[in-house]
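To start, the structure under review is shown below, and the notes come after it.
A, B, ... follow the sequence lines: proteins, then strands. Residue 1 opens every chain. Note: hydrogens, waters and symmetry copies are ignored here, and every other heavy atom, side chains too, is used.
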Protein chains: 4
Amino acid sequence: MNGQPPPPRPGRKRSEESRLAILTAAFELTAEVSYAGVGIEAIAARSGTGKQTIYRWWPSKADVLLDALATKADLYVAVDRDTGSYAGDLREFLTATFALGRNATVVAALRALMAQAQLDSEFGQRFRTGFLQRRRDALAVLVDRARARGDLPSGPSDATVADLVFGVVWYRLLATDRDVDDPLVDELVATLTQTY
Amino acid sequence: MNGQPPPPRPGRKRSEESRLAILTAAFELTAEVSYAGVGIEAIAARSGTGKQTIYRWWPSKADVLLDALATKADLYVAVDRDTGSYAGDLREFLTATFALGRNATVVAALRALMAQAQLDSEFGQRFRTGFLQRRRDALAVLVDRARARGDLPSGPSDATVADLVFGVVWYRLLATDRDVDDPLVDELVATLTQTY
Amino acid sequence: MNGQPPPPRPGRKRSEESRLAILTAAFELTAEVSYAGVGIEAIAARSGTGKQTIYRWWPSKADVLLDALATKADLYVAVDRDTGSYAGDLREFLTATFALGRNATVVAALRALMAQAQLDSEFGQRFRTGFLQRRRDALAVLVDRARARGDLPSGPSDATVADLVFGVVWYRLLATDRDVDDPLVDELVATLTQTY
Amino acid sequence: MNGQPPPPRPGRKRSEESRLAILTAAFELTAEVSYAGVGIEAIAARSGTGKQTIYRWWPSKADVLLDALATKADLYVAVDRDTGSYAGDLREFLTATFALGRNATVVAALRALMAQAQLDSEFGQRFRTGFLQRRRDALAVLVDRARARGDLPSGPSDATVADLVFGVVWYRLLATDRDVDDPLVDELVATLTQTY
DNA sequence: AATTAAGCGAGACGGTACGTCTAGTCTTAAC
DNA sequence: GTTAAGACTAGACGTACCGTCTCGCTTAATT
């Protein structure tokens, strides 16, 4: 793809140390103090950096947190193991996804990001394409494999399957105080592997 | 219930005119300018009232908007008509619910409220009990009737049915730019009326 | 002139307490820390007020200090006592003026204001008309009285007399570390009461 | 004085080209944008140099401008021509001095430097010894010559003469919008050549 | 020629004050 | 006691510079 490395620019290089300190501070403070209670100033203070360094590299507090989430948590769990059946693959995907949904710090960040995506439409765009769509893509791999295998039940369309799966997960996080738990995996797998 | 009216207290009565002006201003400004771009001061200015009057009667901007939504939109559509079957009742419930989900102003308000519920946990509590739970209760009526009728398929638990239904609706509103449309009604009814 | 008082406006009145606290803080901090080392934030903090209150009533830090000087120090010493002679009047004017020029806090403020008048031309305008010109006007009273009395020597023009008097005072403050002292009074009176 | 040249050190030599570019940029920007509106970054940008190069050779922006003034303007006009009389020498000195006082760019720089001398006491020290005192020394040459010649009137002390002369000049620059003009030369010469 | 020691333009860094904005409270006079 | 108006304290915002640092390069004297 990118044969030649980026042309060497003059001037001091970006500090990887500061970058990580900022992401760590953002992640920890969100969990400790709540997203709304944390400002760019607090992130700069906690990380021992200047505000300008944050503004130079991220367009908003939410983008910092999204970057932190991607950097700190193993979000994009590769779930490409082929268990041999749609039901098996789906169960594995849901189990891995739900595990994240029980990590309190990750959940706090996800709720804040989804909230911010509603309030700041530019961030919303970035959040959808950079995060939400990637999760759908991961699920789509399973579904496509099942279809190729002839294993896919004649149920809802692919898009609706994704809407159902992620809808339940997000609704649980955002609108209830119930975790995404193991019984829910069973119910979802059962519901989605039915044929009309 | 309350036989005697509230005892006459001294002083000026609460102005119903101001109350409505505030709710109208909040509702319109949210749609025109975005929730995040509107402050209490703007609502007071637009409604021709003082900030203190708003702070006296509502605990936060989100509560004003929630009140406005309840007052301005016919949110709590009574869907108690018995169509004779679970599938029919469900279809009617979903159709009525989705209709609201296609009203741009209502959707803007709902997205803002769900966002705020994540950022302000006290409002979140009020939003869940005062709004989200009422919707679940409305759905529960159908389900209970179907069960009494012996019409309920042996599918997911009642709570999971609600999670699926509202999960899909909210996910569509919050995470995608696709409306809640009629094909989705069919897919949901089909999925939820299956037997394992 | 102003027959009717200002029409009663609605809303809270300006706080005289805050006004004085701000002027006191500005005056003291300038002497303690130096004008350049004091910011609006420090004045707000020391005075226990908000920054907005300062910005609401004064256009700049220098204007606050100018107001403080006028309020705290008896700057506009009325020197209208008629000693009977130009030399006597002049000596009295200079003596009173020089006394202020030996008050360290006042001198610190005056030096800062004259400096700021060079750096901020809008403030410079206000400083000239609101302060410097008033001092010239006070001197002009003496000169006019001497002329009416037939006591004025045929020396430099009125404007040049003022330039000489205030020039020496300001030059001593700004460009040297020598006070304005009593021998200088004698030399100035002698020089300015000569006839060509 | 310094018999031996500095010992040859290794490394790159100071760039005279950069030095001049910086002084020119400082001088021009002060006149174009005002002293307060110009920062070290702007001088570096305009001169095509790096900030570090400026900080390496000058302690402050004011020192750059002072250096620029000395380099760009013929400030230290040698006025050692003996006209044969105190009055004549004084007139020549004043005429040469006033000429500079009518150069708008020079005046802008002088006002800024005197202002900065009030706000930054370390620079103030350098400005007094490196600039103001030199001007006084130049005037002292005339006065000493007149005294030797027996031509000096028994007026104010030498120091006060200098205070009067430079006081008037600086006061006109700093506190009024009147130029130092030719009539003022006459009045000053007349005033200072009087005998008590 | 290789090495070492400065100076250079560029630009990121930690830090700080700016002037603006909004929140939520308090005060006033009218009703 | 509520109202509209508006000043109040408080504090975060995003910007602009400060003065320092790091980077890769150039230039000179020393090996």
*Would you say the side-chain atoms of Q118(D) pair up with the backbone N or O of M114(D), donor to acceptor, closer than 3.5 Å?*
yes
*In terms of the nearest nucleotide of DNA chain E, which residue is placed more toward the 5' end: R14(A) or G37(C)?*
R14(A)
_Integer-rounded Å distance: dG15(E) P and E41(A) CD_ = 13 Å
*Tell me what T49(A) touches on the nucleic acid: a base, only sugar-phosphate, or nothing, going by heavy atoms under 4.0 Å.*
sugar-phosphate
_Atom-to-atom span, CZ of R19(B) to P of dT3(F) - whole angstrom_ = 12 Å
*Whole-Å distance between dG14(F) P and R56(A) CZ?*
16 Å
*Taking for each residue the nucleotide of DNA chain E with the nearest heavy atom, is it P10(D) or T53(D) whose nucleotide lies nearer the 5' end?*
P10(D)
*Whole-Å distance between dC13(E) P and Y55(D) OH?*
18 Å
*Please determine if a side-chain N or O atom of W57(C) lies less than 4.0 Å away from the OP1 or OP2 oxygen of dC8(F).*
yes
*Provide, to the nearest angstrom, the distance between the CD1 atom belonging to I43(D) and the P atom belonging to dC17(F).*
12 Å
*asked:* Main chain of V38(B), side chain of K61(B): is a donor-acceptor contact present, judged purely on distance under 3.5 Å?
replied: yes
*Mark yes when over 12 heavy atoms from residues, nucleotides or ligands other than E32(C) sit less than 6.0 Å from its CD; otherwise mark no.*
yes
*At under 4.0 Å, does any side-chain N or O of K13(C) touch on OP1 or OP2 of dC26(E)?*
no
*Measure the spacing between CG of L23(A) and CH2 of W58(A) and express it to the nearest 0.5 Å.*
4.5 Å
*Expressed in angstrom and rounded to an integer, what is the separation of I54(B) atom CD1 from dG6(F) atom P?*
15 Å
_Donor-acceptor contact present, side-chain S60(C) to main-chain D63(C), <3.5 Å_ = yes
*What's the NZ-P distance between K51(D) and dA12(E), to the nearest Å?*
11 Å
_Between S60(D) and S47(B), which residue's closest nucleotide on DNA chain F lies nearer the 5′ terminus?_
S47(B)
*asked:* Between the base of dC13(E) and the side chain of R12(A), is there a donor and acceptor pair under 3.5 angstrom?
replied: no
*Hey, which sits more toward the 5' end of DNA chain F by its nearest nucleotide, G11(D) or P59(D)?*
P59(D)
*Taking atom C1' of dT28(E) as reference, at what distance in whole Å does atom CD of Q52(B) sit?*
13 Å
_Looking at dA4(F), I'd like to know if its phosphate oxygens (OP1 or OP2) sit under 4.0 Å from a side-chain N or O belonging to S18(B)._
yes
